[in-house]
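Have a look at the structure below before the remarks.
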Number of protein chains: 2
Amino acid sequence: MGSASGPAAKKASAADVARHAGVSMQTVSRVARDLENVQPATRDRVRASMVELGYSPNRAARALRSGRFHTIGVIMFTLSSFGNTKFLEAIAEAAGLVGYTITLLPVSQRTRGEVTGAIARLSEQAVDGVVIVIEADLLSEDDVDLPADVPVVIIDSSRLSERPFIDTDQALGARLATQHLLDLGHETVWHIAGPQTFYAARRREAAWREVLESHGREVPPPFTGDWSTGSGYRAGLEIARRPEITAVFVANDGMALGLLRACHELGRDVPSTLSIVGFDDMTESESFWPPLTTIHQHFDEVGRSSVAMLVAQIERTTPTPVTMVPVDLVVRASTAPPPGA
Amino acid sequence: MGSASGPAAKKASAADVARHAGVSMQTVSRVARDLENVQPATRDRVRASMVELGYSPNRAARALRSGRFHTIGVIMFTLSSFGNTKFLEAIAEAAGLVGYTITLLPVSQRTRGEVTGAIARLSEQAVDGVVIVIEADLLSEDDVDLPADVPVVIIDSSRLSERPFIDTDQALGARLATQHLLDLGHETVWHIAGPQTFYAARRREAAWREVLESHGREVPPPFTGDWSTGSGYRAGLEIARRPEITAVFVANDGMALGLLRACHELGRDVPSTLSIVGFDDMTESESFWPPLTTIHQHFDEVGRSSVAMLVAQIERTTPTPVTMVPVDLVVRASTAPPPGA
DNA sequence: CTCCACGATGTTTACGTCAACATCACGGAG
DNA sequence: CTCCGTGATGTTGACGTAAACATCGTGGAG
């Protein structure tokens, strides 16, 4: 109950405050924006009136006048993926620190049409700029031209776009994972890849292949999943039955969990007869059985940087030129030397 | 390149379109809003001009004039919890369907002060209403009075607030879980509770207790975790060592995963010597080892309803009076009759 | 044939703020 | 003592839209 707001009173405007404090609207505006040239006494009086009337500036009017919404739009397909969620959280937090708010511009279907639509509708959104968290395949500039007047940052490791982008160093992660397994003494490393429409999936697969080739090892045909635990499980049902497979690099932790499940069902012991490395280091991975060796992505760092780059564009300050964020190999109990060793 | 936008041209306004099409601004406005009373010929001409000039209405001006932002604010502590993520996704999708956009109003710390602050700043946000996804403890009306003029829906099962609220039927879920274990023949059921500051945790614990008491069973002292896998693991280290414990109802799937890990480490077989039921049915739960019996929450339904209720308030249409969303027991492989049976 | 109702379209104004410019008081330099 | 610079404060006028009201033309009822 605290403050007594008038009955059904419309919200107080700067003019109301001005009248109440006996000053001009402009002075109210100056106080509201914390500008320098206002006498302390006046400032206090205006502040008191603002509190008493429950005044707060109207964002719409501010935006109309200044052309700035102090809002960043985020375009992503889904919140169901661990990475996207972490990105969003990091973006929201970083944006908050520099006075921006996040607006979700959802795209329901993973189709080019939806993306194009969302981007086309961009200019009628109340945003100053946009962070796009969508696989590059659907963003090649030929099909979707981003409005030239909207600041954009793309979270993606494709270099197809001419817009600023940033992402995890996918190749580094895949290299670390594959190398770790080779270092343990495995003859070669198998792979469960993500869907090929995802640039990240292709990068991880390519880097895995390169490491094997550079060591002169046989490159086994990769399995392909869709990131889901179910697809990892299905690949796992075959892998668990083939004793010649002793090491697998899985393109994400979810599919690795599915693989683990298949191994348990078929009695294939991990890590003594099969080593597994995942990718993402999702929250639960350390509690899988066995705890999963994986590649830790710094989602928060990527999110933070994307905001920094975007705000630099919006406010035309010096851009932050970070474009690749490194990863860490986290060794847990799902990897070990091969059976014979 | 497609459309040829003038060099550094300012955005076209309704006045520009009006001039170009030879009509009044008002007619442009009518066409833009798809109102009825415009002659087809005129409408087409205006539409053509809009396309040619690349016109799109200015949200700020619209909001200023109409007082509506067509935006819903969401206040939540974190995106790291499975439930919150699902809520947000459902809210965003449902909002999109009725022409609203979602803005994130983040609260970094789980403290009363932060919540109060976020709510106090509410009226200066560009939102028409707010969905609050925060445990009731921090929202008891004594401390935090929600601005009376802002439509609010609270996702929470506390009945403390006088504002509209909606939530999963926590008690039903806990009852189903506990009953399921008793039905299998277990003498009693132990419990790993969530943090007591969460209303949901208290509700689940209370319902678990009631079921046991109503069957005249002993009520063992509950363990208490903090929702994290780590806390479930720590409780699990003790549980796995006590053979008299044959059934555990865990307040969320994450802690259940931790318990599973402890059981694996200590060689306690699930479900033959210990049955486990979780709560949430997170995406990964069916791939745990063994796949987890759990309570499926309809997060999407709760999210959808919250939007419906909020939009009803904003647009003063008939409110949707749903306040409790049921749950389903999903039986998987982590539960079985007790060892002796 | 006249009048009026009705639908289509135009004109005016206000929404709340901020930028640009105007004014005003004061005090120090000459 | 006058002049003018300086800093505080006031006045005016957009920003782009939509509501309220005004106008215009047309066709049907009487």
Side-chain angles (χ1 to χ4, degrees), chain A residues 9-50 53-71 99 123-128 149 315, chain B residues 9-50 53-71 99 123-128 149 315:
Chain A
K10 291 294 171 194
K11 277 199 53 179
S13 75
D16 300 327
V17 176
R19 211 171 306 119
H20 187 273
V23 298
S24 74
M25 262 182 48
Q26 186 55 222
T27 300
V28 174
S29 171
R30 281 191 268 255
V31 172
R33 284 177 295 155
D34 264 330
L35 298 190
E36 293 302 319
N37 40 352
V38 177
Q39 207 136 39
T42 311
R43 180 184 304 272
D44 291 345
R45 193 150 37 91
V46 172
R47 285 248 172 78
S49 295
M50 296 199 301
L53 300 181
Y55 168 77
S56 62
N58 180 313
R59 297 263 288 214
R62 269 198 174 167
L64 174 58
R65 187 61 243 245
S66 68
R68 288 283 165 75
F69 296 95
H70 281 273
T71 297
S123 54
E124 52 187 294
Q125 294 294 342
V127 297
D128 301 316
D149 50 339
E315 300 181 350
Chain B
K10 292 292 172 196
K11 278 198 53 179
S13 77
D16 299 328
V17 176
R19 211 171 306 120
H20 187 272
V23 298
S24 74
M25 260 183 52
Q26 187 55 221
T27 299
V28 175
S29 171
R30 280 192 269 255
V31 173
R33 284 178 294 156
D34 264 330
L35 299 189
E36 292 303 318
N37 40 351
V38 177
Q39 206 135 40
T42 312
R43 179 185 304 273
D44 292 345
R45 193 150 37 92
V46 173
R47 285 247 173 79
S49 295
M50 296 199 302
L53 299 181
Y55 168 77
S56 62
N58 178 314
R59 295 265 288 214
R62 268 197 174 169
L64 174 59
R65 186 62 243 237
S66 67
R68 289 282 164 74
F69 296 95
H70 281 273
T71 298
S123 55
E124 51 188 293
Q125 294 293 342
V127 298
D128 301 316
D149 50 338
E315 301 180 351

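Just so you know, these numbers use all the heavy atoms, side chains as well, and skip hydrogens, waters and symmetry mates. All chains are named by letter (A, B, ...) in the order of the sequence lines, taking the proteins before the strands, and each is independently numbered beginning at 1.
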Apply ring-ring contact (aromatic ring centres under 6.0 Å, His included) to A/His70 and list each qualifying residue two or more places apart in sequence or on a separate chain. A/Tyr100
State which residues pass side-chain hydrogen bond (donor to acceptor under 3.5 Å, both in side chains) with B/Thr71; sequence neighbours excluded, sorted by chain then number. none
Quick one: closest heavy-atom pair of B/Gly22 and B/Arg45, and the distance? O-NH1, 4.2 Å
Can you figure out which of D/dA14, D/dA19, D/dT9 approaches the side chain of B/Arg65 most closely? D/dA19
Of A/Arg59 and B/Asn37, whose nearest nucleotide on DNA chain C comes first from the 5' end? B/Asn37
To the nearest 10 degrees, the angle between the two end axes of the helix from C/dC1-D/dG30 to C/dG30-D/dC1 (five pairs per end) comes to 60°
If the condition is side-chain contact (heavy atoms from CB on, under 4.5 Å), which residues does A/Ala15 pass it with, not counting sequence neighbours? A/Ser13, A/Arg19, A/Met25
Would you grab the first and last nucleotide of DNA chain C (5' to 3') that comes under 4.0 Å of any non-hydrogen atom in chain A? C/dG16 to C/dA20
Can you name the side-chain hydrogen bond (donor to acceptor under 3.5 Å, both in side chains) partners of B/Arg47, sequence neighbours left out? B/Asp34
Which pair of non-hydrogen atoms, one from A/His20 and one from A/Leu53, has the smallest distance, and what is that distance? CB-CD1, 3.8 Å
Note: contacts of residues 17-28 of chain B with DNA chain D (heavy atom, under 4.0 Å) are B/Met25, B/Gln26
Distance-only donor-acceptor pairs under 3.5 Å for side chains of residues 58-69 of chain B, two or more places apart:
from, atom 1, to, atom 2, distance (Å)
B/Asn58, OD1, B/Ala60, N, 2.7
B/Asn58, OD1, B/Ala61, N, 2.9
B/Ser66, OG, B/Arg62, O, 2.8
B/Ser66, OG, B/Arg68, N, 3.2
B/Arg68, NH2, B/Ile314, O, 3.2

Tell me: CG of B/Leu64 to P of D/dA18, nearest whole Å? 11 Å
For B/Arg30, which contact category applies under a 4.0 Å heavy-atom criterion: base, sugar-phosphate, or nothing? base
From CD of B/Gln39 across to P of D/dT26 the rounded distance in Å is 11 Å
Can you run down the side-chain hydrogen bond (donor to acceptor under 3.5 Å, both in side chains) pairs that involve residues 21-30 of chain B, sequence neighbours left out, and say none if there aren't any? B/Ser24-B/Thr27, B/Ser29-B/Arg33
Give every pair of a protein N or O atom and an N or O atom of nucleotides 22-24 of chain D that lie under 3.5 Å apart, one pair per line with the distance.
none

Assign B/Ser13 to base, sugar-phosphate, or nothing according to its heavy-atom contacts below 4.0 angstrom with the strands shown. sugar-phosphate
Closest non-hydrogen atom pair, B/Met50 against B/Val17: CG-CG1, 3.7 Å
Near DNA chain C, counting only heavy atoms under 4.0 Å, which residues of residues 41-50 of chain A show up? none
Using OP1 and OP2 only, check whether a side-chain N or O of B/Arg62 sits under 4.0 Å from D/dC15. no
Would you mind telling me which of A/Val38, A/Val31, A/Thr42 makes a side chain to side chain contact (heavy atoms under 4.5 Å, CB included) with A/Val23? A/Thr42
